[in-house]
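Down below is the structure, laid out as structure tokens.
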Amino acid sequence: MTHAPLSPFEGWDIRTLIDRRAAAHGERTWMTWEPFEGEARAWTFATFREAVRRFAAGLQTRGVAPGQRVLVHLDNCAEGVIAWLGCAYAGAVPVTTNSKSSRDEISYFVDHSDVVGAVTQPKFVDLLRAAAPDLPWLVATETDNGAPAAAFSAAAEPFGAVDADPALLVERPHDPWAPFGIQYTSGTTARPKAVLWTHANALWGARVSAMHEDLRADDVHLVHLPLFHTNAQVYSVLASLWAGAGVVLLPKFSASRFWPLSLKHGCTWTSMVPFCFRALMEHPVPDKHQYRFWGSPVCDMPFDAHFRVRSLGWWGMTETITHGTVGSTDLADAPRSMGRPSLAYTIHVLDDAGNPVRPGEVGDLLIAGQRGLSLFAEYVGDPAATAAAFREDGLFVTGDRVRLGEDGWLYFADRSKDMLKVGGENVAASEIERVIGSVAGVAEVAIVAKKHPMLDEVPIAFVIPRSGEAEGLAERIMAVCADSLSAFKHPAEIRLVDSLPRSTLEKVAKAELRTLLATEA
């Protein structure tokens with residue numbers, strides 16, 4: 001007889017972590033909100049717990065039951081953290097969505113996840129009402145990330161309306177396998193997939209991330225990456241909560257504010273993407289700062305000596321919760337590597353025949369873990385996609401290809417999936433192709449990535465027009481993209497062509513298109 005193994009979080013959920021931190025360090029400052037306009041605010045572990053509990057009780061008084069879903073559509077702000085963790089505290093499931101999403105994308109998120117209400121900010125109220133006119137309720141923050149709102153729409157209630165006495169919270173078991181949250185992530189399908197995490201996933205991510213980052217109670221984590229992403233949610237916020245470290249939250253990355261705010265709060269940790277490094281190169285580095293590490297896509301970035309900070313490289317994805325590979329905070333790493341396999345996962349790099357690659361060879365990156373604990377629980381509403389994400393032996397197929405170095409470090413090589421990386425955002429070529437293919441006058445379209453000095457990659461659309469319909473087609477395509485896709489998914493260029501290169505079975509030979517763009521560059 002086989003039995004499911006015990007998890008490290010039996011009898012726990014996110015309430016356990018929030019409550020215990022408040023009990024142990026109640027008067028210490030945990031989260032500081034630094035808006036670019038308006039006054040900064042701070043919450044201790046105890047006052048943050050109170051705010052989360054009041055929000056959770058407010059949801060219950062509205063009839064939101066455990067397991068029901070609530071859309072959280074916000075740029076970075078303190079209310080976003082309270083709403084996200086307040087939903088989870090109540091047993092509801094926050095659906096955290098990209099604030100750059102178009103009306104069409106929001107309509108899909110709302111319908112697909114079957115949300116019962118939404119939390120947003122003033123500048124998005126009209127967009128959400130247009131995208132989801134049947135939402136039972138919608139609340140909005142008082143400001144747009146600290147900036148005064150142009151007007152407060154009567155179509156939304158104020159954020160403070162979700163507030164009630166925590167004594168009203170209904171008792172329920174601390175179930176680590178209960179649903180915690182949903183994020184939509186781009187894949188090879190035309191629509192993003194809804195990645196479901198359990199409370200065990202969230203606690204796993206918090207604990208393992210804190211371990212990987214060597215986070216300590218006296219660390220201060222600067223959070224400027226978007227809160228709807230795994231990086232900010234787990235690598236930064238939940239990891240800091242687990243370690244008892246402080247968090248300084250910004251509306252977004254700002255090269256001009258980065259150093260002044262880092263010095264003001266004594267920040268010691270932050271996560272970075274290549275754009276941030278490049279932007280900061282234009283600003284002087286303070287003589288003294290307290291950063292110990294910067295999280296980065298690769299170890300030991302070329303910029304490290306300039307900034308006098310060591311880059312800790314890692315690789316992870318929404319489905320893996322935290323880092324599957326990571327560098328070392330104690331020993332030197334191989335420059336530009338993804339680090340080595342995490343102690344918390346089992347990593348395989350296999351060739352096309354399914355055999356382990358030898359040093360120097362490239363293969364598919366596969367990862368073993370436990371569903372609902374170290375790997376996501378499922379793609380909501382898509383059992384076929386969930387099944388396809390795992391091999392028969394249970395290995396999760398990441399879609400990335402890596403090279404095994406002679407020294408044992410891993411190096412990113414390519415994506416086996418048809419994906420782009422635009423300014424840190426994963427974008428499925430098929431998603432853009434679906435939208436462009438719907439435009440009248442388009443016979444066929446292929447999206448490929450072109451290198452970009454700041455954004456890493458941008459999408460380029462190669463379009464075959466229907467006979468006699470090329471006039472004004474590029475403009476019509478961009479108009480439809482503006483209505484249907486987030487701005488970072490818009491093609492940087494639309495090329496009308498007579499034909500596309502073909503490979504076997506008449507598939508578009510995208511490698512030839514990429515070579516063409518690289519040659520031009």
Side-chain angles (χ1 to χ4, degrees), residues 14-15 48 50-170 172 178-184 194 196-197 227-228 233 380-381:
I14 198 64
R15 292 174 297 173
F48 179 78
E50 176 71 9
V52 164
R53 285 168 55 81
R54 296 196 70 88
F55 188 90
L59 289 179
Q60 289 191 357
T61 60
R62 287 174 174 263
V64 179
Q68 290 188 313
R69 297 158 187 169
V70 176
L71 186 77
V72 179
H73 186 78
L74 292 156
D75 285 325
N76 284 11
C77 59
E79 296 94 335
V81 182
I82 292 168
W84 168 49
L85 293 179
C87 285
Y89 200 100
V93 184
V95 181
T96 51
T97 51
N98 192 323
S99 62
K100 299 175 184 175
S101 300
S102 69
R103 183 175 67 179
D104 178 71
E105 290 168 324
I106 294 170
S107 294
Y108 170 71
F109 299 150
V110 168
D111 292 342
H112 182 263
S113 59
D114 193 25
V115 300
V116 298
V119 182
T120 191
Q121 60 194 77
K123 69 179 182 181
F124 297 137
V125 168
D126 292 342
L127 176 65
L128 260 66
R129 278 301 182 197
D134 297 327
L135 269 176
W137 55 266
L138 173 64
V139 300
T141 57
E142 293 183 6
T143 68
D144 279 311
N145 316 97
F152 193 88
S153 173
E157 301 173 75
F159 182 81
V162 186
D163 181 86
D165 185 350
L168 299 175
L169 283 169
V170 177
R172 71 179 198 281
F180 170 84
I182 290 173
Q183 291 182 57
Y184 280 88
L196 176 67
W197 288 352
L227 276 168
F228 48 76
Q233 286 189 9
V380 176

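Worth knowing before you read on, the calculation uses all heavy atoms, side chains too, and leaves out hydrogens, waters and symmetry mates.
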Derivation of the side chain to side chain contact (heavy atoms under 4.5 Å, CB included) call for E79 and V119: CA-CA 9 Å; E79 296 94 335; V119 182; 6.0 Å; no
L168 to A164 - nearest heavy-atom pair and separation: CD1-CB, 4.4 Å
Short side-chain to backbone donor-acceptor contact, S107 and A131, under 3.5 Å: yes
Over all atoms of both residues, closest heavy-atom pair of G58 and T61: O-OG1, 2.7 Å
Min side-chain heavy-atom separation D144-F124 under 4.5 Å: no
Heavy-atom donor-acceptor pair, E157 side chain to W137 backbone, under 3.5 Å: no
Exceeds 12 heavy-atom contacts within 6.0 angstrom, atom CZ of R103: no
Heavy-atom closest contact (P66 atom, R172 atom, distance): CG-CD, 4.2 Å
Salt bridge (charged side-chain N to carboxylate O under 4.0 Å, His left out) against D111, all qualifying residues, sequence neighbours excluded: none
Where L127 and S101 come nearest, the two heavy atoms and their spacing: CD2-O, 4.0 Å
Exam field: side chain Q60 to backbone V170, donor-acceptor pair closer than 3.5 Å: yes
Student check: side-chain heavy atoms of Q183 and W197 closer than 4.5 Å: yes
Whether H112 and Y184 hold their rings parallel, tilted or perpendicular, with breakpoints at 30° and 60°: perpendicular
Min side-chain heavy-atom separation N98-E105 under 4.5 Å: no
Validation row: R62, V139 side chains within 4.5 angstrom (heavy atoms): yes
Result block: side-chain N/O donor-acceptor pairs under 3.5 angstrom for residues 81-91, not counting sequence neighbours:
unit_1: Y89; atom_1: OH; unit_2: D19; atom_2: OD1; d: 2.7
unit_1: Y89; atom_1: OH; unit_2: D19; atom_2: OD2; d: 3.2
unit_1: Y89; atom_1: OH; unit_2: R53; atom_2: NH1; d: 3.0

Validation row: T141, P122 side chains within 4.5 angstrom (heavy atoms): yes
Qualifying residue, where the test is side chain to side chain contact (heavy atoms under 4.5 Å, CB included) with V115 and the options are V70, T97, L135, V72: L135
Residue pair L71 / L128, side-chain heavy-atom distance below 4.5 Å: yes
L227 side chain near L74 side chain, heavy-atom distance below 4.5 Å: no
